[in-house]
Amino acid sequence: MDAGGADEILVGGVWRRGSGAEFASLSPLDGTVIARLHGADAADVDEAVRAGAAAAADPAWRDLLPHERARFLVRIADGIAGSAERLAALQTRDTGKSINETRALVHSAQATFRYFAAALETLEGDLTPSRGPYLSMSVHEPIGVVGAITPWNSPIASDAQKIAPALAAGNAVVLKPAEWTPLVALALGRVVEEAGLPAGLLSVLPGPGGVTGDAIVRHPGVGKVSFTGGTATGRAIGAVAAEKIMPVSLELGGKSPTIVFPDADLERTIAGLLFGVFSSSGQSCVAGSRVFVHTSVYRQVVDELVARAGRLRVGPGTDPATQVAPLVTHAHRDRVAGMVDRARAEGARVLCGGRAPEGDAWSRGAYYLPTVLDGLPNGSATCQEEIFGPVLVALPFEDEDDLIAQANDSVYGLACGIWTRDYRRAWRVARRIEAGTVWINTYKQFSISTPFGGMKASGIGREKGREGILAYARQKSVYWDLAEEPLPWSS
């Protein structure tokens, strides 16, 4: 789907107008309307789930051998690769992200489908050790219909990380992209359709979370929900899942610590710190937004961070030179600005940024300057709550044990960065930090082959890796009797 195209969503294999309220996709560059859509309501969700259940149960899909399902994933990957530049440009228009980042996200999406196709080719059941005259095995079967709810900060990549393993496991998928950024998910739906996936196995239902998302989560025909987004919404989904006795995967928020020891390679460290929080304009669940720096190098590191943050290239996402693009909406930009104002009220020193750029060239866009704060304790609201914007808080430390306590003093546990030349210390600290992912002398490096997820309020479950397919399957044990005599029960 191109921006400004037909007002159509994909419901159970049919492109048509949604039955819900109209909403607009707005440009982060100037607030103008890119496209208008009617979202999916509960009736659309019901139609999509019923069509998905029928398609998943159809022998044409149900009885495919794993390597035959893998062929569909490869064709989808080829379709994404063939439409890569169009998809990247569309995502930049819809989200404001830099074109370099959206190209990388599109590449990630096609690589995800290829990876799960390869993993599906080699995925095995287990022949378990017998403890009697029988053959015992463990097999995995499709759940049926999976609800996938994805965030606005990384469309298409997040979509692929849920759709690909769910299809690989033999399910149908009902995808709800974020209301703010629906266009690239709908375009992906076209690519999937053109790849020949049987109708009904994928629906794309944009709309408000409280309407479309809620209907997906509560629908009795949905056997699992995979959600990436805010912690409050994740808790609400978990509550519904408990009532349904339904499995969920929840990848939620973060307030990730990044730790700089005095022996770190400071040139690499500064570059990593800047990338860790200011790439994606800070709109990343793993953003390294709490930077703990040893007191012996604190002033040197913070001064260099401030100097280099002030030189980052702020501009439109369409410019390949842009490093910090506009935030996703003007309302979100205002929320970030309000949280920085609260930091000032808490006593923070604003060392750079702390405002939107000034001038006519910036006034229409949802821009916010890269911001570095210090002077706050780790227990302050600014250091504890996710800002989801280009805002870094620097904190000094001296003692390793106290550092670990402060780094772990958070409801979140998604990611952490450690910068040091001491490999023993790196390993020791990495094992003590409560986070699902730890980077050592790097940051925001990802691999589809490596599981990803959070601890504590950052979520439950893992995505990616070969076992990512099994997250969308039900496990069954099968016993095959080999005994010569019947069970000793008859008279």
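For the residue pair Lys176 / Thr150, no side-chain donor-acceptor distance below 3.5 Å is found, with atom types taken as modelled. Using a 3.5 Å distance cut-off with no hydrogens or angles, the side chains of Tyr472 and Ser249 do not pair a donor with an acceptor. A donor-acceptor contact under 3.5 angstrom links the side chains of Ser25 and Asp94, judged on distance only.
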Decide side chain to side chain contact (heavy atoms under 4.5 Å, CB included) for Arg69 and Leu120; before the verdict, give the C-alpha distance in whole Å, the side-chain angles of both, and the deciding distance to 0.1 Å.
CA-CA 8 Å; Arg69 286 203 302 274; Leu120 187 57; 3.7 Å; yes

Determine, stepwise, if the pair Leu273 / Tyr443 fulfils side chain to side chain contact (heavy atoms under 4.5 Å, CB included).
CA-CA 8 Å; Leu273 296 176; Tyr443 208 83; over 6 Å; no

Ring pair (Phe, Tyr, Trp, His ring centres under 6.0 Å), that's the test. Do Phe452 and Phe446 meet it? Break it down for me.
CA-CA 9 Å; Phe452 178 79; Phe446 295 103; 5.7 Å; yes

How far apart are the C-alpha atoms of Thr95 and Asn153, what are their side-chain angles, what is the distance that settles it, and do they pass the side chain to side chain contact (heavy atoms under 4.5 Å, CB included) test?
CA-CA 7 Å; Thr95 66; Asn153 64 313; over 6 Å; no

Before you tell me yes or no, could you show the steps for Thr102 and Thr92 under side chain to side chain donor-acceptor pair (under 3.5 Å), namely the whole-Å CA-CA distance, both residues' side-chain angles and the distance that decides it to 0.1 Å?
CA-CA 6 Å; Thr102 57; Thr92 289; 2.9 Å; yes

Side chain to side chain donor-acceptor pair (under 3.5 Å) evaluation trace for Asn100 with Ser98:
CA-CA 5 Å; Asn100 292 331; Ser98 73; 5.2 Å; no

Could you check Val286 against Lys444 for side chain to side chain contact (heavy atoms under 4.5 Å, CB included), going step by step and ending with a plain yes or no?
CA-CA 7 Å; Val286 298; Lys444 288 180 78 173; 3.9 Å; yes

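With Lys244 contributing its side chain and Val222 its backbone, the two residues share a donor-acceptor pair below 3.5 Å. Without hydrogens or angle criteria, His332 side chain to Phe388 main chain gives a donor-acceptor distance under 3.5 Å. In this structure, Trp439 contributes its side chain and Cys416 its backbone to no donor-acceptor pair below 3.5 Å. For the pair Arg313 (side chain) and Thr322 (backbone), a donor-acceptor distance under 3.5 Å is absent. The backbone N or O of Lys255 lies less than 3.5 Å from a partner atom in the side chain of Arg290, making a donor-acceptor pair. One N or O on the side chain of Arg466 and one on the backbone of Thr122 form a donor-acceptor pair closer than 3.5 Å. Panel note: side chain Asp334, backbone Ala331; no donor-acceptor pair is recorded below 3.5 Å. Although no hydrogens or angles enter the test, the distance criterion places a donor-acceptor pair under 3.5 Å between the side chain of Lys224 and the main chain of Ala471. Side chain of Ser281 to backbone of Ala325: a donor-acceptor contact under 3.5 angstrom is found. Checking side-chain atoms of Asp265 against main-chain N and O of Glu267 turns up a donor-acceptor pair under 3.5 Å.
A cation-pi geometry, defined here as NZ or CZ lying under 6.0 Å from the six-membered ring centre and within 45° of its normal, holds between Arg75 and Phe72. Remark: Lys456 is not positioned above the aromatic ring of Tyr412, lacking an NZ or CZ atom under 6.0 angstrom from the ring centre and at most 45 degrees off the axis.
Expressed to the nearest 0.5 Å, how far CD1 of Ile460 lies from CZ of Phe227 amounts to 12.0 Å. A distance of 8.5 Å separates CD of Glu386 from CG of Leu414, quoted to the nearest 0.5 Å. Separating the OG atom in Ser138 from the NZ atom in Lys476 is a distance of 11.0 Å, to the nearest 0.5 Å. Taking OG from Ser280 and CG from Leu105, the interatomic distance works out to 7.5 Å, rounded to the nearest 0.5 Å. Of the inter-residue distances, the one linking Ser458 atom OG with Leu250 atom CG reads 11.0 Å to the nearest 0.5 angstrom. One finds the CD atom of Gln161 at 7.5 Å from the OG1 atom of Thr228 (value rounded to the nearest 0.5 Å).
Side-chain contact between Leu327 and Pro390: present, with at least one pair of heavy atoms (C-beta onward) separated by less than 4.5 Å. Within the 4.5 Å cutoff, the side chain of Leu392 has no heavy atoms near those of the Thr371 side chain. Taking the side chain as every heavy atom from C-beta outward, Val291 and Val393 never approach each other to under 4.5 Å. The side-chain heavy atoms of Ile270 and Leu305, taken from C-beta on, include a pair separated by under 4.5 Å. For the pair Thr318/Ile99, no side-chain contact is recorded, criterion being any heavy-atom separation below 4.5 Å from C-beta on. Considering only heavy atoms from C-beta on, Gln323 stays 4.5 Å or farther from Val314 through its side chain. Counting heavy atoms from C-beta outward, Phe23 and Pro206 have side chains that approach closer than 4.5 Å. Within the 4.5 Å cutoff, the side chain of Thr181 has heavy atoms near those of the Val328 side chain.
Ring geometry for Trp152 against Trp180 counts as tilted: the plane angle lies between 30° and 60°, on a 0 to 90° scale.
Residues Ala172 and Gly52 share a closest heavy-atom pair of CB-O, 3.3 Å. Shortest non-hydrogen contact noted between Ala55 and Ala199 is CB-O, 3.6 Å. Contact record, Val391 with Phe278: N-CE2, 4.1 Å, taken as the closest heavy-atom pair. For the residue pair Ala148 and Val173, the shortest heavy atom distance occurs at CB-CG1, 4.0 Å. Here the shortest heavy-atom pairing between Ala56 and Gly144 reads CB-O, 3.9 Å. Heavy-atom minimum distance, Leu10 versus Leu202: CD2-O, 3.4 Å.
Between Glu8 and Arg190 there is a salt bridge, since a side-chain N of the basic residue sits under 4.0 Å from a carboxylate O of the acidic one. Salt-bridge formation is not detected for the pair Arg462/Glu251: no Lys NZ or Arg NE/NH1/NH2 atom is positioned less than 4.0 Å from an Asp or Glu carboxylate oxygen. Using a cut-off of 4.0 Å between Lys/Arg side-chain N and Asp/Glu carboxylate O, Asp58 and Arg62 are scored as not salt-bridged. Salt bridge status for Asp44 with Arg16: present, with a side-chain N to carboxylate O gap under 4.0 Å. Comment: Glu121 does not engage Arg114 in a salt bridge, judged by the lack of any side-chain N to carboxylate O separation of less than 4.0 angstrom. Between Lys162 and Glu463 there is a salt bridge, since at least one side-chain N of the basic residue sits less than 4.0 Å from a carboxylate O of the acidic one.
Counting heavy atoms of neighbouring residues, nucleotides and ligands inside a 6.0 Å radius, atom NE2 of His107 does not exceed 12 of them. In Glu22, the CD atom is crowded: over 12 heavy atoms of neighbouring residues, nucleotides or ligands sit closer than 6.0 Å.
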